[in-house]
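Okay, structure first, notes after.
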Amino acid sequence: MKSNKIALGADHAGFTCKETIKEYLKETGNTLVDVGTYSEQSVDYPDFAHQVATRVSDKSVDIGILFCGSGNGVAIAANKHKNIRAALCWTPEIARLARMHNNANILCIPARFVDADTAIAITAAFLETEFEGGRHERRVEKIEIV
């Protein structure tokens, strides 16, 4: 797996999962930017989703990974940003397809619905998969409304 610069963000429900993935990413040689949260104290998920999405959009990081209870909130917030394709992934296969077919650049993990091993497998699949291009390129180009 190639080394990436990755922004991580989570709300209180995703904090523990974020910490698990952060350790995995460190062990696999990635450079990390952790924008928080740093505890299980209640916070608002958009605050962290916007920080990660901004870094991915301005290319100060290669990709982002976001965590919240369902994964939906952070995905919705991140997808408000230009050039962001945040994908809610709850299996490794969905993560692979999000990268391969949709050129997703932010992985959103539903922390209350996947265990640690599954979250690691999802993350690995997302990082190991390249965008296929071809017929998918024109579809991805149609996503953003200018």
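All heavy atoms count here, side chains included; hydrogens, waters and symmetry mates do not.
Annotation for Cys89 and Ala98: closest pair SG-CB, 4.0 Å, computed over non-hydrogen atoms. Here the closest heavy-atom approach between residue Arg85 and residue Asn103 is recorded as NE-O, 2.8 Å. For the pair Gln51 and Val35, the tightest heavy-atom approach, listed with the atom from each and the gap, is OE1-CB, 3.4 Å.
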Full working for side chain to side chain contact (heavy atoms under 4.5 Å, CB included) between Ile6 and Val61: CA-CA 6 Å; Ile6 302 170; Val61 299; over 6 Å; no
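Here CG of Asp44 is found 8.5 Å from NE2 of His12. Values are rounded to the nearest 0.5 Å. How far CD1 of Ile21 is from CG of Asp34: 12.5 Å, rounded to the nearest 0.5 Å.
The environment of CD in Glu144 is crowded: more than 12 heavy-atom neighbours from other residues, nucleotides or ligands sit within 6.0 Å. Heavy atoms of other residues, nucleotides or ligands lying less than 6.0 angstrom from OH of Tyr45 number 12 at most.
In this structure, the side chain to side chain donor-acceptor pair (under 3.5 Å) partners of Arg96, at least two apart in sequence or on a different chain, are Glu93.
Of the possible donor and acceptor atoms, one in the side chain of Arg99 sits under 3.5 Å from a partner among the backbone N and O of Ala104.
Side-chain atoms of Leu25 and Leu127, non-hydrogen and from C-beta on, do get closer than 4.5 Å to each other.
Looking at Arg138 and Glu141, no side-chain N of the basic residue comes within less than 4.0 Å of a carboxylate O on the acidic one, giving no salt bridge.
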List the atom pairs, with distances to 0.1 Å, where a side-chain N or O of residues 63-76 and a protein N or O form a donor-acceptor pair under 3.5 Å, not counting sequence neighbours.
unit_1: Ser70; atom_1: OG; unit_2: Asn72; atom_2: N; d: 3.1

